[in-house]
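Only one structure is covered here, and it is reproduced in the block below.
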2 protein chains.
Amino acid sequence: MASNQTPSMASRGVTSTVMGTLSAPPGTRRPTLRDVAARAGVSFKTVSRVVNGEPGVSPGVTARVREAADALGYRPNAAATALRRADGRTGTLGVLLDDVGNPFFAALLRGIEEVARSHGIAVFASSTDLNFGCERDMTRAYVARQVDALITAPAEGDFAHLAQAASEGTRIVLVDRPATRLDVDVVLTDNRAGSRRGVEHLITHGHLRIGYIGRDPSIYTARERFAGYVEALNAAGIPLDMTLVRREGATRSSAADHVEALLSLAEPPTALFTGQDLITMTAAATLQRKGLQYDVALVGFDDFELADLLQPGVTVIAQDPHAIGRLAAERALGRESTAATNVVPTRLIERGSGEIPHPSR
Amino acid sequence: MASNQTPSMASRGVTSTVMGTLSAPPGTRRPTLRDVAARAGVSFKTVSRVVNGEPGVSPGVTARVREAADALGYRPNAAATALRRADGRTGTLGVLLDDVGNPFFAALLRGIEEVARSHGIAVFASSTDLNFGCERDMTRAYVARQVDALITAPAEGDFAHLAQAASEGTRIVLVDRPATRLDVDVVLTDNRAGSRRGVEHLITHGHLRIGYIGRDPSIYTARERFAGYVEALNAAGIPLDMTLVRREGATRSSAADHVEALLSLAEPPTALFTGQDLITMTAAATLQRKGLQYDVALVGFDDFELADLLQPGVTVIAQDPHAIGRLAAERALGRESTAATNVVPTRLIERGSGEIPHPSR
DNA sequence: AACCCCTACGACAACGTTGTCAAGGTCTCA
DNA sequence: TGAGACCTTGACAACGTTGTCGTAGGGGTT
């Protein structure tokens with residue numbers, strides 16, 4: 001695995017001192033087309049042709065140029081290329097997500113990056129922390145860097161900066177949530193259908209009183225997931241009981257409080273549907289602490305590491321952030337001329353907690 | 001454990017709804033210095049001065065230029081700037097990690113990105129999947145893009161591409177593991193000390209036979225962590241018993257096998273030290289499955305989400321990837337002229353599994 | 001009034017590349 | 001043998017910016 005490659009570049013001065021000062025550029029200018037041309041004895045334009053694989057260079061000259069370029073370690077200057085290219089493409093992609101450290105967005109970024117890499121595209125990544133000013137500034141920074149496309153999970157409300165970027169020719173793809181009045185590609189999880197499927201799963205196991213704990217309705221995905229909950233109840237003819245619904249907060253402590261409150265009702269729910277991973281984890285832990293983990297059914301939206309190690313395993317509606325990322329990158333780098341909304345399906349993963357039957361059964 | 005995966009909407013697949021035509025660039029060239037100059041009635045050089053805050057422009061002209069720039073929505077072209085600048089800085093940073101989707105590296109990237117953002121630096125991120133060819137190609141791609149610095153978790157063995165990049169003036173910072181014969185900044189977790197601390201913690205609770213399950217010694221961090229285990233035993237005068245040591249594989253199944261094998265020994269260990277999060281999770285689950293989670297002590301290297309929700313909670317030696325990222329970015333963007341090795345300490349987090357005493361006590 | 005200096009601005013080259021066009025050579029075919 | 005076509009190569013402009021230098025004009029000092 002560790003390749004035994006002898007660095008044959010000592011002659012070129014690429015040796016590294018073992019300890020001491022940081023290798024400051026010792027006058028080692030990066031070689032340019034002209035340097036290669038001088039060494040090969042041709043004009044720099046001919047080198048350009050060889051490097052870009054343009055036709056019309058004789059085999060002999062091509063070989064000589066190749067050799068010179070290799071010897072000097074020539075790499076084209078991306079800035080100059082981007083500046084001069086007729087189509088203005090830079091071979092870069094900007095990605096702007098809530099938090100690249102969050103598992104969901106990290107997996108999404110990973111998906112984007114895979115596709116980009118296979119296209120030879122470099123990916124700028126940045127987090128917004130849902131701060132609108134930050135989102136706008138980073139969008140502009142990426143536009144200034146002439147990214148070929150921008151993939152972003154937009155904040156609610158103001159999409160003017162995206163509209164402007166789009167009007168200046170930057171291709172835009174939205175992920176995780178849509179934007180109103182913006183005719184661009186969107187890649188979304190099917191939140192509503194997934195949520196509905198999860199609640200139907202609980203109904204199938206006999207539950208009629210199903211508690212809902214989700215995030216604030218100001219969040220798009222939270223609205224969709226709650227809508228799926230309502231749809232499932234309606235379809236089964238179960239009346240919506242708002243005393244079973246909690247839609248605020250997403251911290252661990254608030255979620256735990258919601259679970260406690262629901263279970264303390266005079267007529268408590270026999271099952272819970274939770275609208276986000278953090279809430280699901282907390283709900284599972286709270287049920288365990290109360291010794292009810294085998295009595296109250298639980299299905300959560302979002303899969304999470306270790307969901308299968310808890311006892312019982314936690315049944316979830318899993319999103320596929322990796323697929324969302326791949327799809328978004330394909331749309332961003334593709335040549336389609338019409339904007340589309342791409343919906344990525346969810347997957348129900350049964351692990352035990354969601355298959356606990358209604359107690360009367 | 002085997003999750004029952006029911007595709008919830010097999011019939012749906014990925015649906016796309018066409019919405020309309022993509023906003024193609026309607027001849028909207030991005031405005032340049034010249035456009036702003038024409039509108040303000042000055043030379044383009046004067047606009048350049050205003051935009052860059054250079055002195056020597058009268059207040060009246062400055063105001064007129066500012067107005068024109070705002071009206072046109074002028075953004076400087078980053079490629080042209082990078083091309084022309086004397087210092088050759090592009091305001092970009094390349095990051096090359098094993099997998100940006102992995103929680104450890106995602107947090108590390110997040111730390112880098114925070115610091116970079118505060119400096120107005122854009123971050124290229126890419127995964128290598130520990131593929132050397134991929135690492136070398138991406139390094140070259142970033143060098144071609146003239147990144148000001150490159151932060152990377154290098155593969156073992158061949159560092160010629162990094163040496164070359166450094167010699168051409170790209171600042172290099174290594175994270176998570178060092179490189180031999182390369183005089184550059186390094187930011188590392190104190191693997192050895194952390195591991196030693198964890199094993200000492202078990203020894204403090206009376207354990208003498210402590211099993212070790214870690215990754216292959218070809219991996220730097222695995223070697224260091226094992227060295228810490230050995231150090232702790234030596235310091236306590238406990239002889240090293242290689243029958244208690246398993247150092248291969250990192251998949252869930254192989255880790256489970258190792259736990260089973262250790263516990264089946266004639267004289268089984270009373271405690272386990274695991275050298276990686278995946279192994280720790282699997283060990284915890286395996287102990288639970290055997291009903292031994294309250295009998296065999298467990299300390300793992302690497303914290304993981306939900307370690308506190310298992311019963312008992314899993315005691316870990318936590319790394320701080322976020323801090324590693326921040327420190328690496330500070331070194332990469334800083335002005336220090338001498339290379340240094342920066343060690344980030346670990347933290348012991350007691351949650352229960354590591355505080356199970358030796359049975360005879 | 002002659003001198004100088006300072007301020008505010010502009011003209012122009014240069015960065016490293018790609019696009020355009022023309023020059024010179026070879027080949028084909030009449 | 002000449003004309004035309006093609007192939008190979010080079011000269012040069014241009015991309016949008018920053019760095020260098022020049023210059024016009026105002027104000028101060030002798």
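Quick note on labels: first sequence line is chain A, next is B, and so on, each numbered from 1.
- Remark: A:Ala69 engages A:Val36, A:Tyr74 in a side chain to side chain contact (heavy atoms under 4.5 Å, CB included) (not counting sequence neighbours).
- Evaluation of the side-chain hydrogen bond (donor to acceptor under 3.5 Å, both in side chains) test over residues 50-69 of chain A, restricted to residues two or more places apart or in two chains, returns none.
- Taking only side-chain nitrogens and oxygens, B:Thr46 never comes nearer than 4.0 Å to OP1 or OP2 of C:dC9.
- Note on residues 145-155 of chain A: pairs passing side-chain hydrogen bond (donor to acceptor under 3.5 Å, both in side chains), not counting sequence neighbours, are A:Thr90-A:Asp148, A:Gln146-B:Arg30.
- Under the side-chain hydrogen bond (donor to acceptor under 3.5 Å, both in side chains) criterion, the residue pairs touching residues 119-128 of chain A are A:Ser126-B:Glu113, A:Ser127-B:Glu113, with sequence neighbours excluded.
- Screening residues 143-172 of chain A for ring-ring contact (aromatic ring centres under 6.0 Å, His included) gives A:Phe132-A:His161 as the qualifying pairs, with residues at least two apart or on separate chains.
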Considering only nitrogen or oxygen atoms on both sides, find all protein atoms under 3.5 Å from nucleotides 16-23 of chain C and state each distance.
from	atom 1	to	atom 2	distance (Å)
C:dT17	OP1	A:Tyr74	OH	2.5
C:dT17	OP1	A:Asn77	N	3.2
C:dT17	OP2	A:Leu33	N	2.6
C:dT17	O3'	A:Thr81	OG1	3.3
C:dT18	OP1	A:Asn52	OD1	3.4
C:dT18	OP1	A:Asn52	ND2	2.8
C:dT18	OP2	A:Ser48	OG	2.8
C:dT18	O2	A:Arg84	NE	3.0
C:dT18	O2	A:Arg84	NH2	3.1
C:dG19	N7	A:Lys45	NZ	2.8

